[in-house]
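Numbers restart at 1 for each chain; the letters A, B, ... are given by sequence-line order, proteins then strands.
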Amino acid sequence: MALKLYNTLTRQKAEFVPIDPSNVRMYVCGPTVYDYAHIGNARPVIVFDVLFRLLRHIYRPDHVTYVRNITDVDDKINARAARDYPGLPLNEAIRKVTEATENQFHADIAALGVLPPTYEPRATEYIRRKDGREDMVSLIEALVKRRHAYVAEDHVLFDVGSMSDYGRLSNRTLEEMEAGARVEVAPYKKGPMDFVLWKPSKPGEPAWPSPSGIKTPGRPGWHIECSAMAGALLGPVFDIHGGGIDLTFPHHENEIAQSRCAHGTSKMANVWMHNGFLQVEGEKMSKSLGNFVTIHELLTDGWPGEVLRFNMLRTHYRQPIDWTKKGLEESQKILTGWFAHEGLDTDDRTSLPRDVIEALEDDLNTPKAIAELHGYAAAKDFKNLGAALGFLGFDGATLRQADARAVETAQSVASTVEPLIIARLEARKRKDFAESDRIRDELAKMGIALKDTKNKETGEIETTWEIAR
RNA sequence: GGCCACGUGGCGGAGUGGUUACGUAGCGGACUGCAAAUCCGCGUACCCCGGUUCAAUUCCGGGCGUGGCCUCCA
């Protein structure tokens with residue numbers, strides 16, 4: 001079976017045909033680094049990591065180029081820097097915010113079993129480049145030269161009227177957009193839907209020499225960043241562009257407009273993929289509801305990164321997810337059950353099961369793939385189970401870390417717990433069950449769960465214990 | 001209001017024009033002094049209304065519901 005992907009551009013699932021099978025190219029919009037990444041941010045990172053792994057499997061690892069950017073220039077970053085470091089010069093404060101946030105992001109997603117992309121460009125490195133290769137300024141100047149953009153009051157604006165099929169990705173016409181517009185239109189705009197490519201910086205804000213003869217130093221608009229980084233690293237036309245469904249409009253629509261009009265191409269990427277949104281306990285995640293769940297929080301609460309990853313992949317990437325504690329508990333139970341089997345080898349891929357690959361080849365049907373895993377587990381086919389888990393990015397490491405932490409905690413209470421267990425076994429031996437149950441209840445109150453097993457050789461009853469979650 | 005996606009059992013979720021999903025929770029049984037763990041077994045589903053069809057959860061139309069987006073971010 002061939003790889004099939006759903007394409008937002010055509011609203012259909014179609015066979016994926018790479019432009020160049022020896023270099024399959026994918027771009028995914030990465031985080032804006034101003035705050036902890038939340039669990040909704042984690043979704044595209046995980047989903048496209050699975051696609052990256054699949055592409056590497058199909059086309060060979062060195063034939064896939066995956067770019068996921070870091071946006072480190074943005075109004076939200078400026079605001080956060082001013083708030084958190086009021087004493088510092090803004091630019092210094094910004095550097096502190098972006099560096100810390102970027103490091104946190106990398107630590108978080110490493111726990112989620114995410115492979116590093118081939119390139120991870122920072123937006124600020126692609127504003128003006130010394131080597132003369134494509135960057136934001138050169139793209140903007142090309143757009144002005146080709147009369148797709150104009151200068152007005154030190155801004156450069158993209159003229160959406162200059163592009164006949166603007167709106168194709170989000171499937172709406174200019175008239176519809178204008179009718180739905182609910183924001184005041186700046187007076188210097190030619191058309192109400194025209195968007196900013198470059199804007200002047202206020203004093204103290206990050207600033208770069210402006211393009212197109214503008215004297216005031218400025219900074220790039222949001223959309224031009226991705227066009228520049230994708231163009232510079234993947235070329236004017238590439239295979240797959242991904243991101244969250246909320247980015248379809250305006251971000252991706254505008255990326256397409258910029259890249260196509262600057263390069264004079266009929267498309268920017270062949271396949272546009274969008275992952276669905278995420279709710280938390282049935283509610284939209286929002287600051288006002290106070291239910292913003294960060295990856296960092298979940299990890300520090302003790303959820304192994306792999307459980308978060310598994311929980312994400314139990315739902316198809318285009319479906320909405322309701323992110324719940326109950327779901328996490330279920331995910332953890334399944335995963336720990338599988339990894340409890342001795343001899344599970346996630347590194348051995350000699351028998352990578354075809355059914356799992358075929359499920360993934362069908363527009364990344366991870367729930368189906370997971371269903372196959374349940375089948376292997378039920379059939380005690382640990383070779384396939386291990387291979388498939390490893391392929392999907394699960395090696396048990398974060399589960400073992402969680403175990404190790406549990407063992408550490410257990411050791412700290414062992415001196416109190418173990419005499420009680422011995423006392424209970426003695427009570428049982430003399431059939432004083434009231435006393436043995438009393439001890440068990442006492443331990444339960446301390447969060448200790450007991451398990452009695454019969455030693456097959458001696459016939460003795462033995463008790464093991466663990467700290468209940 | 002416009003555009004888009006989705007609607008399967010308590011929950012997650014696969015799949016199909018007529019046949020068991022599966023997982024988790026629940027229930028029953030085995031084991032146990034009783035539990036826990038484990039093993040075995042069981043149950044309830046395809047949003048509504050039309051249409052096509054011998055037959056529709058599965059195809060078509062309409063409706064209802066849920067979620068997302070509707071500019072340079074508040």
Side-chain angles (χ1 to χ4, degrees), chain A residues 6 8 11 32 40 74-76 79 155-158 160 166-167 169-186 189 191-199 220-224 244-254 274-279 282-284 287-288 310-311 313-316 318-335 337-338 340 359 362 365-378 427-429 431-434 436-437 440-441 443-444 448-454 461 463-466 468:
Chain A
Y6 182 87
T8 306
R11 280 160 228 293
T32 300
D74 181 274
D75 288 344
K76 275 178 295 198
H155 291 69
V156 184
L157 293 135
F158 187 91
V160 296
Y166 181 76
L169 180 72
S170 49
N171 192 30
R172 55 190 99 187
T173 64
L174 261 182
E175 295 77 63
E176 281 167 1
M177 294 182 213
E178 287 167 13
R182 51 185 189 193
V183 170
E184 221 178 301
V185 178
K189 282 188 185 180
M193 299 309 292
D194 293 353
F195 58 89
V196 169
L197 299 172
W198 189 265
K199 54 189 166 186
W222 175 34
H223 315 298
I224 196 70
I245 194 170
D246 57 320
L247 298 179
T248 311
F249 189 89
H251 185 54
H252 291 163
E253 195 71 72
N254 292 350
H274 292 100
N275 62 272
F277 245 51
L278 184 145
Q279 289 182 280
E283 283 182 316
K284 185 176 171 165
K287 290 237 160 96
S288 57
F310 187 80
N311 198 239
L313 296 178
R314 287 207 300 161
T315 302
H316 183 83
R318 284 192 282 122
Q319 291 277 107
I321 292 187
D322 186 15
W323 188 267
T324 61
K325 181 154 182 262
K326 189 179 168 187
L328 284 173
E329 282 164 357
E330 211 173 291
S331 293
Q332 176 146 26
K333 176 153 191 175
I334 294 165
L335 222 42
W338 287 343
D362 182 14
N365 193 341
T366 52
K368 178 88 186 297
I370 288 169
E372 301 294 345
L373 264 57
H374 281 297
Y376 303 138
R428 288 194 51 187
K429 261 187 203 159
K431 303 218 187 294
D432 184 356
F433 296 121
S436 76
D437 288 353
R440 186 170 63 202
D441 289 345
L443 286 165
I448 308 294
L450 301 184
K451 218 188 280 188
D452 291 337
T453 49
K454 197 180 259 182
I461 300 293
T463 301
T464 58
W465 60 280
E466 61 180 20

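Side-chain contact between A:L373 and A:W338: present, with at least one pair of heavy atoms (C-beta onward) separated by less than 4.5 Å.
Out of B:C6, B:G33, B:U71, the shortest distance to the side chain of A:M193 is found at B:U71. When distances are taken from the side chain of A:R172 to each of B:A21, B:C69, B:C34, the shortest belongs to B:C69. Considering only side-chain atoms of A:I245, the nucleotide from B:G68, B:C72, B:G33 that sits closest is B:G68. The side chain of A:P192 lies closest to B:U71, out of B:C69, B:G23, B:U71. For A:R428, counting side-chain heavy atoms from C-beta on, the closest listed nucleotide (B:A5, B:C73, B:C34) is B:C34. The side chain of A:R318 has B:A5 as its nearest neighbour among B:C72, B:A5, B:U24.
Using a 4.0 Å heavy-atom distance criterion, A:K76 is classed as a base contact. Backbone-only engagement by A:Q279 is indicated by non-hydrogen atom pairs under 4.0 Å involving sugar-phosphate atoms exclusively. At the heavy-atom level, A:F433 lies under 4.0 Å from base atoms of the strands shown. Residue A:T8 is classed as having no contact, given no heavy-atom separation below 4.0 Å to the nucleic acid.
Note that CG of A:D246 and CG of A:N275 are 8.0 Å apart. Values are rounded to the nearest 0.5 Å. The CG atom of A:L278 lies 8.0 Å from the CG atom of A:D322; values are rounded to the nearest 0.5 Å. For the atom pair CD1 (A:I321) and CD (A:Q279), the distance works out to 10.5 Å, reported to the nearest 0.5 Å. From A:Q332, atom CD reaches atom CD1 of A:I334 across 11.0 Å, with rounding to the nearest 0.5 Å.
Aromatic ring orientation, A:H251 versus A:W222: parallel (interplanar angle below 30°, classes split at 30° and 60°).
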Close N/O contacts between protein and nucleotides 11-13 of chain B (under 3.5 Å):
{"unit_1": "B:G13", "atom_1": "OP1", "unit_2": "A:T315", "atom_2": "OG1", "d": "2.8"}

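The residues A:E330 and A:R314 are annotated as salt-bridged, a charged nitrogen and a carboxylate oxygen being separated by less than 4.0 angstrom. Under a 4.0 Å N-O distance rule, the pair A:E329/A:K325 qualifies as a salt bridge. Ion pairing between A:K199 and A:D75 holds under the 4.0 Å rule for side-chain N and carboxylate O.
Put simply, the side chain of A:K189 and the base of B:C72 share a donor and an acceptor less than 3.5 Å apart. Contact annotation: side chain of A:R440 to base of B:C34, donor-acceptor pair present below 3.5 Å.
With C1' as the reference atom, B:G62 and B:U44 are 30 Å apart, rounded to whole Å. When the P atom is compared between B:A25 and B:U38, the two are found 9 Å apart, to the nearest whole Å. The gap from the P atom of B:C42 to that of B:A21 amounts to 11 Å, rounded to the nearest Å. Spacing between B:G61 and B:C70 at atom C1', rounded to whole Å, works out to 28 Å. Taking atom C1' on both B:U24 and B:A45, the two are 16 Å apart, rounded to the nearest angstrom. For B:A36 and B:A14, the C1' atoms lie 32 Å apart once the distance is rounded to whole Å. When the C1' atom is compared between B:C46 and B:A56, the two are found 11 Å apart, to the nearest whole Å. For the P atoms, the distance from B:U58 to B:U52 is 15 Å, rounded to whole Å.
Between the CG atom of A:L247 and the P atom of B:C70 there is a distance of 10 Å, given to the nearest Å. As a whole-Å value, the separation of A:I461 CD1 from B:U32 C1' is 8 Å. Separating the CG atom of A:L335 from the P atom of B:G23 is a distance of 16 Å, rounded to the nearest angstrom. In this structure, A:E253 places its CD atom 15 Å from P of B:C72, rounding to the nearest Å. Atoms NE2 (A:H251) and C1' (B:C73) sit 14 Å apart, rounded to a whole Å. Per the geometry, NE2 belonging to A:H223 stands 9 Å off P belonging to B:C73, to the nearest Å. A straight line from CG of A:D437 to P of B:A35 spans 10 Å, rounded to a whole angstrom. Atom NE2 in A:H252 sits about 18 Å away from atom P in B:G68, given to the nearest Å.
Counting all heavy atoms, side chain and backbone alike, A:R11 lies closest to A:N171 at NH2-CB, 3.3 Å. The minimum heavy-atom distance linking A:L197 with A:L157 is given by the pair CD1-C, 4.2 Å. Contact record, A:S331 with A:N311: OG-ND2, 2.7 Å, taken as the closest heavy-atom pair. Here the closest heavy-atom approach between residue A:F195 and residue A:H223 is recorded as CD1-CD2, 3.8 Å. Across A:A359 and A:K368, no two heavy atoms sit closer than the pair CB-CG, 3.5 Å. Taking each heavy atom of A:T8 and A:T248 in turn, the nearest pair found is CG2-CG2, 4.3 Å.
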Using a cut-off of 4.0 Å between protein heavy atoms and nucleotide atoms, how would you tag nucleotides 37-43 of chain B 5' to 3' with B, S and -?
S------
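Between A:K284 and the phosphate of B:G68, there is a side-chain N or O to OP1/OP2 separation shorter than 4.0 Å. Within the 4.0 Å cut-off from OP1 or OP2 of B:C3, not a single side-chain nitrogen or oxygen of A:N171 is found.
For RNA chain B, runs of at least 3 consecutive pairs of the Watson-Crick or G-U wobble type, with both hydrogen-bonding distances under 3.5 angstrom, map to B:1-7 with B:64-70, B:10-12 with B:22-24, B:26-30 with B:38-42, B:47-51 with B:59-63.
With RNA chain B read from its 5' end, the first of the two nearest nucleotides for A:D75 and A:S436 is the one closest to A:S436. Each of A:T248 and A:Y6 was assigned the nucleotide of RNA chain B with the nearest heavy atom; the assignment lying further toward the 5' end belongs to A:Y6.
B:G68 has no base stacking with the ring of A:F277 when judged by centroids under 5.5 angstrom apart and an interplanar angle below 30°.
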